[in-house]
Amino acid sequence: MKDIKTKIAKKLAGSIEQLSWTEIMDNLEYPPEPHMGDLALPCFKLSRVMRKSPMAIADSLVDSLDIDVVERCESKSGYLNIFINREYLVNNVLKTIVEKKEETGKSNEYAGKTVCLDYSAPNIAKPFHIGHLRSTVIGHAIRRLHEFRGYKCVGINHLGDWGTQFGKLIVAYKKWSSKKAVEEKGTEELVRIYVKFHEEAEKDPSLNDLARQWFARLENKDEDAMELWKWFKKISLIDIEKTYKVLDITFDSYAGESFYYDKTQPVVERLKERNLLIESDGAMIVNLEEYNMPPCLIVKSDGASLYASRDIAAAIYRKETYDFDKCIYVTATAQDLHFRQWFKVVELMGYEWAKNLIHVGFGMVSMGGAKLATREGNIVYLDDLFSEASKRVLDIINEKNPDMEDKEQKAQDIGVGAVVFSDLSNNRIKDIDFSWEEALNFDGSTGPYVQYTYARACSVLRKSELSEKDINMKDIKPEHMTNDDEFTLLKTLSLFNEKIDQALRDLEPSCISRYLIDVCMDFNKFYNAHSILGAEDNKKFRILLTAAVKYVLANGLFIIGLKRTERV
RNA sequence: GAGCCAGUAGCUCAGCUGGAUAGAGCAACGGACUUCUAAUCCGUAGGUCGGGGGUUCGAAUCCCUUCUGGCUCGCCA
């Protein structure tokens with residue numbers, strides 16, 4: 001639809017001297033009702049500059065669009081309503097999708113640009129829970145969106161692999177665990193002894209001192225401590241990788257907190273050089289009063305680095321290593337102030353690229369109105385959620401299609417898809433109150449609905465004796481589009497590129513999720529009302545239309561990280 | 001106390017760079033499987049867009065104010 005808008009805007013610019021074609025393009029909108037046309041130009045704003053009534057302007061423009069993309073125009077109470085030429089839609093939109101196939105929706109607009117994306121960042125030695133899922137799937141979808149516009153993407157998993165918890169873990173391991181137990185049970189055993197440590201420390205606070213000592217040894221690169229830390233990390237990563245495999249998510253770098261904790265000295269030096277660092281209660285801070293923010297803490301009173309200084313060090317490292325054009329951080333909105341603070345500090349340090357640091361926030365996940373908290377047991381582990389969802393899907397498969405091949409894998413693809421989709425279907429800023437009932441609902445606007453529709457389209461194409469490859473576009477005639485269901489579907493398909501642009505502009509994956517629902521609704525309506533393989537004169541057209549649906553859904557599913565289910 | 005974010009149908013939400021009669025899904029009710037996958041489709045019902053002002057030809061959308069909820073505010077990340 002983008003090129004259609006462009007053509008219309010350029011043509012209209014010839015009749016409207018006061019506005020450039022891009023301004024006209026921005027004013028073009030989609031009318032609420034089909035009888036109002038396919039595109040519309042409201043003429044109210046023009047009224048002032050042209051010193052004519054909106055009605056008169058619309059009237060005067062009615063005959064100006066004598067171009068191939070436009071069928072006809074109507075002037076209706078101040079709007080210029082434009083009806084798209086259906087022949088053009090068939091010969092261009094349909095043709096483009098069918099020809100681009102797997103490339104549908106992709107462009108090289110930003111080829112040569114690099115974006116770093118910091119997302120997921122789980123804590124080592126702790127299991128993934130539903131609160132960690134959002135950063136992971138939102139970040140991944142935003143990465144795909146950039147890839148679809150030609151960006152080189154660097155996915156960075158800033159692991160939480162450093163901190164006093166490792167001192168605790170070492171103490172706990174030495175007291176209550178064994179090499180054998182950890183190797184056999186993995187993260188589960190690490191969690192068990194970590195929880196036990198907290199229980200015991202309640203009774204015996206000296207355990208905390210011991211833990212601090214061990215962490216200090218770790219920071220001093222003590223051999224024993226380092227070896228255990230590396231081992232815990234390795235064990236833990238094995239489980240984390242399993243989750244990423246299920247989600248089909250990969251990273252280009254796992255450089256996390258442990259990588260940066262001792263790289264903050266140059267940051268401190270540079271801040272000192274610029275006289276930005278002041279001492280306050282023994283700590284070193286950057287005053288941000290001038291920018292209406294509380295001070296940013298750079299060095300603790302004991303001389304250790306902090307979150308902010310490590311983030312700054314990491315940003316500088318990434319700029320030097322990847323020379324990014326943008327660096328995106330996907331974390332909860334609760335960290336908003338923190339990011340605004342250290343982005344400002346980077347700017348004050350004189351790095352002009354500070355303006356390319358972007359925080360993408362998302363709402364928090366709660367359950368039953370309460371925060372997720374391991375200690376209170378108010379927690380849902382991702383593994384449990386995935387396996388429960390997969391089990392429910394398997395029940396449905398056994399009921400409807402018991403002979404399906406490879407049904408455990410399919411059930412997992414769809415169960416996990418349901419969870420991921422529901423996380424991506426609302427605007428990311430919204431808080432989520434998790435409920436099992438909602439997460440395991442497979443009706444309506446859900447992942448399974450999209451995957452089912454995709455499988456349905458694939459199934460039709462599979463059963464057709466005419467392959468889409470055997471159909472020549474020259475055999476497709478505009479009169480083959482015989483009803484509004486086909487027309488509406490084709491118009492919706494034509495919006496894919498605009499939706500990707502919009503999702504990328506707003507860094508908002510839900511834009512794609514909702515669009516996929518639109519495509520599915522239009523296709524299912526069409527499918528239910530008209531026979532595709534049983535069609536007479538326009539069978540070829542309907543097969544190509546179905547193929548186009550398949551390509552758009554396939555790439556849409558890919559962007560939001562759902563498996564493409566050819567059969568369900 | 002200050003700052004940021006949110007408030008739209010019973011529930012979950014879309015629409016927010018101002019545009020035509022505010023849209024979906026879930027739940028409820030009534031229909032459609034001898035027919036390409038009924039995890040689908042069609043229909044019915046459901047609204048003082050938190051309240052109040054203002055700007056405008058036009059406000060769910062922008063501004064002010066107020067209420068409610070969430071998050072954040074120096075040595076966690």
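Chain letters run A, B, ... following the sequence lines, proteins first and then strands; every chain starts at 1.
Residue A:Asn123 is classed as having no contact, given no heavy-atom separation below 4.0 Å to the nucleic acid. Within 4.0 Å of A:Ser280, counting heavy atoms only, lies at least one base atom of the nucleic acid. Using a 4.0 Å heavy-atom criterion, one finds that A:Arg428 contacts no nucleic acid atom at all. If you check every strand for non-hydrogen atoms under 4.0 Å, A:Arg567 touches a base. Residue A:Lys371 is classed as a sugar-phosphate contact, given heavy-atom separations below 4.0 Å to backbone atoms only. Within the 4.0 angstrom heavy-atom criterion, no nucleotide atom of any strand lies near A:Pro54. Using a 4.0 Å heavy-atom cutoff across all strands shown, A:Ile285 reaches at least one base atom of the nucleic acid. Contacts of A:Gln451 with the nucleic acid, taken as non-hydrogen atoms under 4.0 Å apart, are absent. Contact annotation for A:Pro32: base contact, defined as any heavy-atom pair under 4.0 Å involving a base atom. Nucleic acid contact for A:Thr333: none, since no nucleic acid atom lies under 4.0 Å from a heavy atom of the residue. Heavy atoms of A:Asn81 sit under 4.0 angstrom from at least one base atom. Nucleic acid contact class of A:Tyr449 (heavy atoms, under 4.0 Å, all strands): sugar-phosphate only. Counting any heavy atom pair closer than 4.0 Å across all strands shown, A:Val299 reaches no nucleic acid atom. Across all strands shown, A:Lys45 has heavy atoms under 4.0 Å from base atoms, whether or not it also approaches the sugar-phosphate.
Taking syn as a glycosidic angle within 90° of 0, B:G74 qualifies as syn. For B:C29, the base is anti relative to its sugar; the glycosidic angle deviates from 0 by more than 90°.
Nucleotide B:U21 forms a pair with no other nucleotide shown, judged by Watson-Crick or G-U wobble geometry with both contacts under 3.5 Å. Under the Watson-Crick or G-U wobble criterion, with both distances below 3.5 Å, B:U48 has no partner in any strand shown. Figure legend. B:U40 is base-paired to B:A32; pairs are counted as Watson-Crick or G-U wobble with both atom distances under 3.5 Å. With both pairing distances under 3.5 Å, B:C62 is matched to B:G54 as a Watson-Crick or G-U wobble pair. Pairing for B:C16 is absent, judged as Watson-Crick or G-U wobble with the two contacts each under 3.5 Å. Nucleotide B:C4: paired with B:G70 (Watson-Crick or G-U wobble, both distances less than 3.5 Å). Using the Watson-Crick or G-U wobble rule with both distances under 3.5 Å, B:A77 pairs with nothing in any strand shown. When Watson-Crick and G-U wobble pairs are counted only if both distances are under 3.5 Å, B:C26 pairs with B:G10.
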Tabulate protein N/O versus nucleotide N/O from nucleotides 27-32 of chain B, keeping only pairs under 3.5 Å, one per line.
none

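Rounded to whole Å, the distance from CZ on A:Phe421 to P on B:C26 is 13 Å. Taking atom CG on A:Asn538 and atom C1' on B:C36, their separation rounds to 14 Å, with Å as the unit. A straight line from OH of A:Tyr261 to P of B:C76 spans 17 Å, rounded to a whole angstrom. In this structure, A:Tyr527 places its OH atom 5 Å from C1' of B:U37, rounding to the nearest Å. The CG-C1' distance, from A:Asn426 to B:C26, rounds to 13 Å in whole Å. For the pair A:Glu33 CD and B:A22 P, the computed distance is 10 Å after rounding to whole Å.
No hydrogens or angles considered: a donor-acceptor pair under 3.5 Å links the side chains of A:Thr331 and A:His359. For A:Asp413 and A:Thr565, the side-chain atoms include no donor-acceptor pair closer than 3.5 Å. Using modelled atom types and a 3.5 Å distance limit, the side chains of A:Gln502 and A:Tyr515 yield no donor-acceptor pair. For the residue pair A:Glu508 and A:Ser510, a side-chain donor N or O sits within less than 3.5 Å of a side-chain acceptor on the partner. Side-chain contact of A:Asn398 with A:Lys407: a donor-acceptor pair under 3.5 Å is present, judged by distance alone.
Within the structure, a side-chain polar atom (N or O) of A:Lys430 is placed less than 4.0 Å from OP1 or OP2 of B:A14. The shortest distance between the side-chain N/O atoms of A:Asn401 and the OP1/OP2 oxygens of B:U37 is not below 4.0 Å. For A:Tyr307, no side-chain nitrogen or oxygen approaches OP1 or OP2 of B:A77 to under 4.0 Å.
With salt bridges taken as basic N to acidic carboxylate O contacts below 4.0 Å, one links A:Arg318 and A:Asp118. Electrostatic pairing of A:Glu566 and A:Arg462 does not count as a salt bridge here, judged by no charged N lying under 4.0 Å from a carboxylate O. A:Asp336 and A:Arg340 are joined by a salt bridge, as a carboxylate oxygen and a charged side-chain nitrogen come within less than 4.0 angstrom of each other. Salt-bridge formation is detected for the pair A:Lys2/A:Asp501: a Lys NZ or Arg NE/NH1/NH2 atom is positioned less than 4.0 Å from an Asp or Glu carboxylate oxygen.
Look at the P atom in both B:A28 and B:G23: the space between them is 24 Å, to the nearest Å. Nucleotides B:U48 and B:U37, compared at atom C1', are 46 Å apart to the nearest Å. B:A60 and B:C75: their P atoms are spaced 45 Å apart (whole Å). Across the C1' atoms, B:C13 and B:G47 are found 15 Å apart, a figure rounded to whole Å. Spacing of C1' atoms, B:A32 relative to B:C49, comes out at 35 Å, to the nearest Å. Across the P atoms, B:C16 and B:U72 are found 29 Å apart, a figure rounded to whole Å. Comparing the P positions of B:C57 and B:G46 gives an interatomic distance of 35 Å, to the nearest angstrom. The C1' atoms of B:G3 and B:C11 are separated by 32 Å, rounded to the nearest whole Å.
The cationic atom of A:Arg72 (NZ for Lys, CZ for Arg) lies less than 6.0 Å from the six-membered ring centre of A:Phe83 and within 45° of the ring axis.
The ring pair (Phe, Tyr, Trp, His ring centres under 6.0 Å) test with A:Trp162 is passed by exactly one of A:Tyr260, A:Trp229, A:Phe259: A:Trp229.
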